[in-house]
J.: 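So that we are looking at the same thing, I have put the structure below in structure tokens.
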Amino acid sequence: MRHLLGIEGWRRDELESLLDRAQAHLPGKPDTTHVLRGRVVANLFFEDSTRTRTSFHMAAKGLGASVMNWTQTGSSVSKGETLLDTARNIEATGVAAIVMRHKSSGAPHLVAKHVRCAVINAGDGTHEHPSQALLDAFTLRQRWGSLDGRTVVIVGDILHSRVARSNLLCLKALGARVVMCGPPTLIPPGLEAMGAEVTHNLDAALPGADAVMCLRLQTERQSENFLPSTREFARLFGLNAAREERMKPEALVLHPGPINRGVEIAPAVADGARSVILEQVSNGVAVRRAILEVCAS
Amino acid sequence: MSSTVLFRRGRVIDPRNGVDGVRDVLVRDGKVVEVSEALLPVPSSAEVVDATGKWVLPGFIDLHVHLREPGEEGKETVLTGCRAAVAGGFTAVVAMPNTKVVNDSGMVTELVLSRARAANLCHVYPAGAITKGLKGEELAEMGELVSAGCVAITDDGRPVMNAALMRRALQYSTQFDVPIMVHEEDLTLSSGGAMHEGPTSTRLGLRGIPASAEVAMVARDLVLLEETRARLHLAHVSCEGSVRLIREAKRRGLRVTSEVTPHHLILDDRAVGDYDTHAKMAPPLRSDRDVEALREAVADGTVEAIATDHAPHGVLDKLVEFEKGINGIVGLETALGLTLELVHAGVLTAKRAVELLTHGPAKAFGLPGGHLAPGAPADVTVVDPQEEWTVDAHRFYSRSRNTPFHGRKQKGRVVQTWVGGRKVFENGQVGQKESR
Ligand SMILES: [Zn+2]
């Protein structure tokens, strides 16, 4: 049993072996439906996320586990039950792992300190989203073989993005160079200390990129004055056709979804030849199977 | 109870009177009678305290303590807070008014004072609110608060965001000559923040509170202070920018005093670790650079007091998601050990450390005590500078255990506390029986 609270704390060889394992869970590979047979995985989602929840659900089912789905709506949390009460109650039913999504950064860390089953972070606040980073790395590795020496530009709302943090740690650990790009109001301090390069000029960053990862822009950032308008954001940081021209011919485009078409990415680019967005989604299940296999068995 | 006590051959450190050396200290009827380099004859019926190898110090004074009574007696009461105080070597504490029933009237002040009399352990000096109900809207009756016994006026726990109201509070206070004590935090800058904004908040994905949330308010209030010529006391100063402004204001002769907590001098924001709510406080633990600046400021006299901001909370208040965790830690029983860490590290001389706990705070608020000249109150703290011990939160006299220092090794410990010539704490035992 082991937790996956974040990419932080995992060594390169551990990440590599997890990705290798995901390889064996791709469609058409030998049957793995026995791996978690008889075990229960709890999906504990305090925040809506159909995509991630479904993906973990399918992954658990695919390994032969049964899945307990728990969502905040109508639950005892609204009656004042604390996060720890909820987690301990679920643990008491004998689950092998808790997959959790929570709006507070560090919530899975709190739970992990007080339960004996594995805790898998499916996204905590603005902190980490490790399974997303792993599936992104997996997708890139599928195309490139190795991430060593490659440059990935991550563009958009870095400040509020757990995807950005996990990807920075994961891509760096696997040997890539990471450039973070966005307006200064959406770039937190200290990214350099985490190994990123920072720029506010997407046009300048694009020619050096082997892959560009666009992040979803939350529209409420505008009302919080992080941005003058989504229109201006799209003008300065949106990956449109003209910017695509600046990219290396073979460079890839990623997006963790869901997409705001026309804001952070133009429809033609999202659906274009260099886009691996749908591969990210389909790889998600294989990578999450590998995660459950490592953590819950 | 003996009314005459002779502290024999201790190292007396009394910064106000320039004393640092082996002395005999004779106290009688609650006052210091004589401090002598030569051996004093033992008066008949005197209790003799052999202080050889110990430090004999003026009783410590804490300008910033939350006693939680009235309203949150499950966290602390005046009685349990006073026990914690004397166990930590404090003979006087200033009680913040942000209780449930705010201390914004003479009645509440009197209630706190009567509970303190019943506890009968250390001096409790209430602070009254700046604004009614701490709402930041209307001035509380400062005259009534002062005449009921408040020694400072503060909305601690929150800032006065309205600058015009703050200006009036300062103006109005000049007729009573009390300090206005401020918790400096621009709420528009700190909004939603859970810890200091810096590389650690980025790593943890927590919304940061920039240093400017404090420094901008310090700047505003120093401007208002200059116009009003009042007395301003800055609570729990946490960053380099504030220190720089205070230094400059003092140079221009403004009546500004300030305090720093032991935890802001010892820990930086990395203490949050992996979401440890025991490292969550307002103001937040700052960067290592800020810690360095605070250390310089307490050493060079820019800041006059070390104050604990003793903030008791229940276990469940901290056993939650970091963002939901309540701010604050208890401090009375760890203050000396942490301050001595700075002495051992060469940041402070022993004399300066003692000054920050005694004469510095006494002078800032105009309180009695804080020194040991003949005629001074016989408030005395005896410290064994060599004793090594480990902080054990389960053994606190405080009703609450919220501290990030549980398990920390310390060198130097309070062995006795005397208030008004009466021993109230000795070797881990608070002398006063439980009342009620
Ligand atoms: Zn306070």
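Below, read A as the first sequence line, B as the second, and so on, with proteins coming before strands; counting in each chain starts at 1.
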J.: Could you tell me which non-hydrogen atom of A:Glu8 sits nearest to which non-hydrogen atom of B:Arg203, and how far apart they are?
T.: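 Nearest pair, atom of A:Glu8 first, then B:Arg203: OE2-NH1, 2.6 Å.
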
J.: Testing the basics here: between B:Thr202 and A:Pro188, what is the closest heavy-atom pair and its distance to 0.1 Å?
T.: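 For B:Thr202 and A:Pro188, the tightest heavy-atom pair comes out as OG1-CB, 3.2 Å.
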
J.: Among A:Gly6, A:Ala193, A:Gly190, A:Pro189, which residue has the highest count of heavy-atom pairs closer than 4.5 Å to chain B?
T.: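 Greatest number of close heavy-atom pairs with chain B: A:Pro189.
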
J.: For A:Arg12, look at atom CZ and say whether over 12 heavy atoms of other residues, nucleotides or ligands are found less than 6.0 Å away.
T.: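 For A:Arg12, atom CZ is crowded (more than 12 foreign heavy atoms under 6.0 Å).
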
J.: Going through the distances and angles, do A:Lys103 and B:Glu321 end up as a salt bridge (Lys or Arg N to Asp or Glu O under 4.0 Å)?
T.: CA-CA 10 Å; A:Lys103 64 180 186 315; B:Glu321 300 89 308; 5.7 Å; no

J.: Could you tell me how the ring of B:Tyr275 sits relative to the ring of A:His127: parallel (under 30°), tilted (30 to 60°) or perpendicular (over 60°)?
T.: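 Ring orientation, 0 to 90° scale: perpendicular.
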
J.: For the residue pair A:Ser105 and B:Leu206, what are the closest heavy atoms and their distance?
T.: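 In terms of heavy atoms, the two residues are closest at CB-CD2, 3.7 Å.
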
J.: Is the shortest side-chain heavy-atom distance between A:Met194 and B:Pro199 below 4.5 Å?
T.: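 Result no, sub-4.5 Å side-chain heavy-atom pair not found.
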
J.: Compare every heavy atom of B:Val320 with every heavy atom of A:Leu110, then report the nearest pair and how far apart it is.
T.: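 Scanning both residues, the minimum pair turns out to be CD2-C, 3.3 Å.
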
J.: Taking side chain as everything from C-beta outward and backbone as N, CA, C, O, which of these in A:Arg162 sits under 4.5 Å from a heavy atom of chain B? Side chain, backbone, both or neither.
T.: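 For A:Arg162, no heavy atom lies under 4.5 Å from chain B.
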
J.: Measuring heavy-atom distances to chain A, does B:Leu319 have an atom under 4.5 Å in its side chain, in its backbone, in both, or in neither?
T.: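 Looking at B:Leu319, backbone and side chain both touch chain A.
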
J.: Between A:Ser104 (side chain) and B:Glu323 (backbone), is there a donor-acceptor pair under 3.5 Å?
T.: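 Side chain of A:Ser104 to backbone of B:Glu323: no pair is present.
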
